[in-house]
Structure formats: C-alpha cells, structure tokens
Amino acid sequence: MDSLDKMFKPDSVAIIGASNSEGKVGYIIVNNLLEGNYKGKIYPINPKDDEIQGLKSYKSVLDLPEAPDLAVISIPSKGVNPVLEECGKKSIKNVVVISAGFKEIGGEGVKLEEELKSIAEKYDMNLIGPNSLGISDSHTPLNASFSQSMPPKGNMAFISQSGAMMVAIIDWSFTSGIGFSKCISLGNKAGTTEIELIENLANDPETAVITVYLESVSESDDFINTLRTVSKKKPIVVLKSGCSVAGAAAASSHTGALAGSDTAFTTAFEQAGIFRVTTMDELFEVASAFSNCELPKGRNMAVITNAGGGGVLSVDSMERHNINIADFSDETVKKLEEILPLEAACTDPVDVLGDAPTDRYKDTLEILLDSDEVDAISIIVCPTAKADTDGIADAIIEGTKDSNKPVLVVNMGGPSFTEPNKKLRENEIPVYVFPESAVKVTDYLASFEELQHKKFDTPVDDIDDVDKEAVEKIFEKVKADGRDTLLGSEAYAVAEAYGISAAPIKLSTSAEEAADLAEEMEFPVVLKIASDKILHKSDIGGVKVGISNRDEAKEAYDEIIANAKKAHPDIVPDGVEVQKMMDSGIEVIVGMVRDEQFGPMISFGMGGVLVNLIEDVSFKLAKGLSSEEIDEQINETKVSKLLKGYRGEAPGDIDEVKNTIKRVAKLTLDFDDISELDINPVFVYEEGSSALDIKIKL
C-alpha cells in the first residue's frame, strides 16, 4: 500500500459524479472544495457537462491531463467498479468512494463490494469506503466530503465508521470549541482500515490525539503488536459500540462463561495501549485533555475550589480513578496560609471560599504549580454572586503560561461561563462542567504517561522445552474417536508435554489395572469415571476419593462403572481414571477461550467450586502477552492477596503461577484446534503448584 499522505495533502482532486445540481452529493463535494479554499487543482468528471460550478469538466478520468492524487467517487453503485478500474489504469493511488449500495444492503451489494476490493488490491490503491461520508483535512485545507462545512481547525483526528456520527460531531464542534486535524469516514472499510489510518496519523505532525468511533474492528494478523508501536507515539481513544461473542458460541468451560461478550475487545485495546471509552461525551472529554494538556509526572492531583461540594465530589472521583490527593509539604501549606483567609482550607482540596477574588485563584494556582508534590491541578469555579468568572479565566490563562503540568478547569454552570469557556479553550485549556470529568481525564493522561515506560517483552516466545509432536498425536486420536473433548488422562498428557505442573492421572480399563496404577502413583488416590459424555461425574457416584490401598481401588473401580451404567445405560465409558491425591493449596484457575478475531484469551483468577459465583478473574490475550501484563493480570485479582500471604498465611509460589500462565498461552497459540481450556483448580503451594482438573475442548 502506498503512503496515505497524498490522500489528505493532494495537489489535485478528481470528483467523479460532479454535478451542477444543488442538493446532489456531487455538487456538494465540488462546492465544499471551492468554499473550503482548497488550493490544488479540481477536476470534475461528468460525461454530460462541459463545465461544473465554473470548472472545466471531463468525460472520464482517462481524459484528464494528469493522474490526480485523489479521486472521490459519487455515482450509483453499479457504475462504481468500472470507474474504479479506470482510476487504476490512470494510476490514481488514493480513492474515496462515497456511493452506497454495497455490502450494507446484502445480496448483490456484497458481490459488488468484493469486486471493488479486488480492483483496489489489483492496482495497489488506498481506498476509503464505500458508503463513506468522505474525508477532510483542515490544515491542507481539504473538504472532500458531503458534510455541511469544513470542521474547525485543530490537532484532533477523528475516524468514524458511522457517517451520521461524523456529521453530528462536526456540527457540534462549532459550539464545543473542539478543532480537528482530519475527519475520516470509514464507510464499509473495503480497503484502507482504521488500523492503517491510525498508523499514518501517528506520524502526522498536525495530529496530537487520534479519536475513533468503531462498530467493528478490522482483521489484523497482529492487532496488538501493530498498535502498541503507534499508541506510544500518540494517544488513541476509541469508542467501540456493539459487541462480539468471545470464544465458542456455547461456552462449556468456566472461562468461556466468565469471558462475557465484549471482554476480548476491552482486553485487546488495553494490551495495545488504546484507551477505550463508553460514551461520545467521554470520547471528546478525554481527547480534549490530550489535545491541550501536558502529561502529568505522577498521579497526585490538587484541587482549587470556591465550593466545598465540588471538592468533595473530586475526592470521591479520585478514589474511583486511582488519582491521589496531593499531600502538601509544610512549605506549600505555609505559602497557602499566607495568601488565604483563616476560614480557607490549605490542604487538598484547597477551598478558596465562595467570595474568592481573581487574585486568590491566581496566587493559589501559582503556589501549587510550583509545588513538587502536585502533578496535576483541577480548578473548580462556581458562579457565586462574588465570582468574577471572566477575571478568573484571565487569571488561569496568565498563571498557566509557563506551566508544564496539566491544568483542567471545571466551570460549574451555564450562561455565566459562555465567554470564560471560549477564552480558556482558545488558550488551549480544557474546560468541563462537572468535577468528576476533570479527575477522570487526569487518569487517562497519567495512564498515557505511564505507557511511555512500559516494556513489551514476549516471554511466551522463549519457551522451547515442549513436546509439540506428542500433543499433535493426542489430538489426532481424539478426533479419530469422533470426540471434541479430551479425557482427563489425555489432558494431563498434554499438560505434561508443555511443562504444566499437574497431578498425575492415568486411564485404567479394569479393576486390576486401576489398583496397579494407584500403587504406582502411591496412595492415596482419586478414581473417577472416564467419559466425555458424562459431565457431572460426582452427581452419579462417578468419583471416589481417599482410596488408600489396592482392595479399595478395585472396589471403587467396580462401583464407579456400575453407577455410570445405572445413571447412563446408553453411554459406554472409556474406563476409570486414577489420579494422585495432592495436598491442598491456594486454589486458582487458569483457562483459555478462543476469540474469533483476537485468538486465545487467557483467564486467571480465584479457582475452586465457587469460581462462577465469585467471578474473581482477569483476562489477557495470549498473542503479544508480556511479563508485565502477566504481573498485571495476577494483581488485578483478589486471589493475588492470598498468593502474597494474607493475614499471616504462607504465600504461594507466584513465579510458578506465572509459568503456568505462560505455558497455557504457548499451548493455545501453538494449537488453533483448542477452542476452550480450563485448569481448575490449580493448587499453588509455597513452592510449586499442581493442576488438578484439566479440561480441553477442540
């Protein structure tokens, strides 16, 4: 794929379907280019007209005196593909297809889009659309879209899968004070994807933050590693609507049941360094901070307020968003005491009182900006009778001129702040209506700063002491038997081949063999029915524990077979499995459910019989999984406190837990056949661990 630079900085643009009829899309696009002061050459294409809106018109792109840098197609869908073929022959490398009537309508539209995609690939074109609103670049300036007007100039890029959403946001931006570098309507994403656009925008000097509205995420061989590189350069904020089904349609494992419908997207974004938000409001609140603010060096926030309630709300929100109340030094407190009335609060949050004049705000701000204990500042202004809202805005602008700390303003009101808000935004200071918003965006700013220091090793790739061939043979046998679920003994053999510590389990097909295996393992042992068709083994008397000698083993074998025949006369069991009884330890679960788009998703959390009730679980995608993320995954759970030693209890072997997670990730990356895997429980000891129950579904 050629560089996308000329898509947004073209020296010449062809509009195929250009029109003299007001109201037609072809008319609007030509008019937008003219009205938007585009400085390059404009080539209208229409076989019926010699002149369009004062410009010479051409019958076909093949008649043009040069190959334009960009072509915009707006004609009925049935004519698009022949025209795209002509664009290819003319060596046009960047095309935006406005026309609708492709896969979004189904049937014939799907075929048309497949053909469109093939033509674009054949000529190595950058293709945006079809069914796109178009694109704009406020710095070129270029408005190659059919929106009503050119978006205000700024440093925020906006990519939208919904054209209607983009139109609404552009219209709203004129009253919100937000400006855009580029606005891109993806349409059906038949060619250039959001991933390719994000990669391009990461190197765009006019873009400080990338915002994205998505309904689906494009396929990528390595989504996480691709976007990790980009997300360290520029903050990427995504609003993803809709949801996907993680793993198998009918999850049979604990992991599958716990995963939920949208977990894979949340996990993928998190591991890629992308900030996912849940509302349009939040998307632009966060982006506005990234667009205007310095990054904080830490998570200590100071609040300046003329209303006690605003300060309390801020503190409550800080706890939710992992932001610290700044602990002022004696020197900082003394400086505040010198400028504030006796009734004021000189600790965080700093209450400058409802009668605070302009100077009180300015002096307090300067002291806190100079304080080493403060990483970020939220300034709350309530429109009291004595508040000079205009003057306070001027004081904030003056006080933050040389600041290298993020300062966020919360003007709690409406009409009283119309002019102050305008001033502040013009001076690149983000403004919010409520205190919680300022705290929330500070969390995002701090997280992006922390992302710069994150290391992305891939410890799973370093594992080479596995027997892949042994696992292949086991899976071949299971499939040959017409099964999709491994027996316990087969699952143990898989774990053993991949170095996952587990309690030995072997299959016996007679009472004598069960006794031999039990003796070999050393008593005590557990015996359980071996059948992938019997799910609740204990309920039918299919499990016997605490077997301590040969006679008990033989007797247990016969009883289990008899109980199984009685409960399920139509099922022929594979035999009885003999498993070594292990000492109890801290119970954890390690599992995997395969997401159709992102591949294996690894779960870790508190294990045992209450796993689904407690739901203490964290997910990470296996592809690209780093050591730091494995640490995060463990620490995100409550069971991590038990592993570290809780209330005097012995700690568990966390290194062994990490090793198990890594090896499960390796196994599930090596074998696409595995749809679900559960190891529950894993007993974790002071040294080592042992997996008791391993379920693998193909």
Going by an N to O cut-off under 4.0 Å, is there a salt bridge joining Lys454 and Glu632? yes
Show the nearest heavy-atom pair for residues Ala567 and Ile540, with the distance to one decimal. CB-CG2, 3.6 Å
Step by step, would you call Ile602 with Ile661 a side-chain contact (heavy atoms from CB on, under 4.5 Å)? CA-CA 8 Å; Ile602 308 299; Ile661 292 171; 4.2 Å; yes
Would you please test Arg550 and Asp516 for salt bridge (Lys or Arg N to Asp or Glu O under 4.0 Å) and show each step? CA-CA 8 Å; Arg550 285 185 64 87; Asp516 289 343; 2.9 Å; yes
Between Tyr213 and Ser241, do the side chains contain an N or O donor and an N or O acceptor separated by less than 3.5 Å? yes
Has Asp678 got a side-chain atom pairing as donor or acceptor with Val590's backbone, closer than 3.5 angstrom? no
Donor-acceptor under 3.5 Å (Gln161 side chain, Glu215 main chain): yes
Does Asp443 pair with Arg299 as a salt bridge, N-O distance under 4.0 Å? yes
Might you confirm whether atom CD of Glu522 has over 12 heavy atoms from other residues, nucleotides or ligands at distances under 6.0 Å? no
Do Glu282 and Thr278 get their side chains close enough for a donor-acceptor pair, meaning under 3.5 Å? yes
Just so I know, are the side chains of Ile674 and Phe475 near enough to count as touching, which here means a heavy-atom distance under 4.5 Å? yes
Out of curiosity, Asp653 CG to Tyr685 OH, how far, rounded to the nearest 0.5 Å? 11.5 Å
Greater than 12 external heavy atoms within 6.0 Å of His453's NE2: yes
Sidechain-backbone polar pair: Glu628 side chain, Lys455 backbone, donor-acceptor under 3.5 Å: yes
Short N-O contact, Lys544 and Glu559, less than 4.0 angstrom: yes
Is there a donor in the side chain of Asn563 and an acceptor in the side chain of Lys537, or the other way round, less than 3.5 Å apart? no
Around Lys528, counting heavy atoms of other residues, nucleotides and ligands shown, do more than 12 lie under 6.0 Å from its NZ? yes
Checking side-chain contact (heavy atoms from CB on, under 4.5 Å) for the pair Thr485/Lys695: CA distance, chi angles, key distance, verdict? CA-CA 8 Å; Thr485 304; Lys695 290 186 174 69; 5.9 Å; no
Between Ser501 and Glu656, is there a side-chain donor-acceptor contact under 3.5 Å, judged purely by atom types and distance? yes
Taking atom types as modelled, is there a side-chain donor on Asp465 or Tyr498 under 3.5 Å from an acceptor on the other? no
Please determine, by modelled atom types, if Glu636 and Ser618 share a side-chain donor-acceptor pair under 3.5 angstrom. yes
Could you check whether atom NZ of Lys473 has more than 12 heavy atoms from other residues, nucleotides or ligands sitting under 6.0 Å from it? no
Test applied, side chain to side chain contact (heavy atoms under 4.5 Å, CB included); reference residue, Asn131; option that passes from Glu113, Lys189, Glu104: Glu104
Run the ring-centre check on Tyr444 versus Phe290 and record whether the distance is less than 6.0 Å. no
Answer yes if the ring centres of Phe269 and Phe275 are under 6.0 angstrom apart, and no otherwise. no
Distance (rounded to the nearest 0.5 Å) between Ile210 CD1 and Leu201 CG: 5.0 Å
Donor-acceptor pair, Arg228 side chain versus Gly273 backbone, under 3.5 Å? no
Could you tell me whether Glu513 and Lys554 make a salt bridge, using a distance below 4.0 angstrom between a side-chain N and a carboxylate O? no
Within this structure, what is the NZ-CG distance for the pair Lys111 and Leu116, rounded to the nearest 0.5 Å? 16.0 Å
Looking only at side-chain N and O atoms, does Lys233 offer a donor or acceptor that is under 3.5 Å from a partner on Asn203? yes
I'd like to know whether CD of Glu121 has more than 12 heavy-atom contacts from other residues, nucleotides or ligands below 6.0 angstrom. yes
Can a donor-acceptor pair be found between the side chains of Ser640 and Asn635 at a distance below 3.5 Å? no
Decide yes or no for Gln271 and Phe619: does some side-chain heavy atom of the first lie under 4.5 Å from some side-chain heavy atom of the second? no
Please say which of Thr267, Leu283, Val212, Asp262 ends up in a side chain to side chain contact (heavy atoms under 4.5 Å, CB included) with Arg276. Asp262
Which heavy atom of Ala202 sits nearest a heavy atom of Val230, and at what distance? CB-CG1, 3.3 Å
Under a 4.0 Å threshold between the charged nitrogen and the carboxylate oxygen, would Asp481 count as salt-bridged to Lys479? no
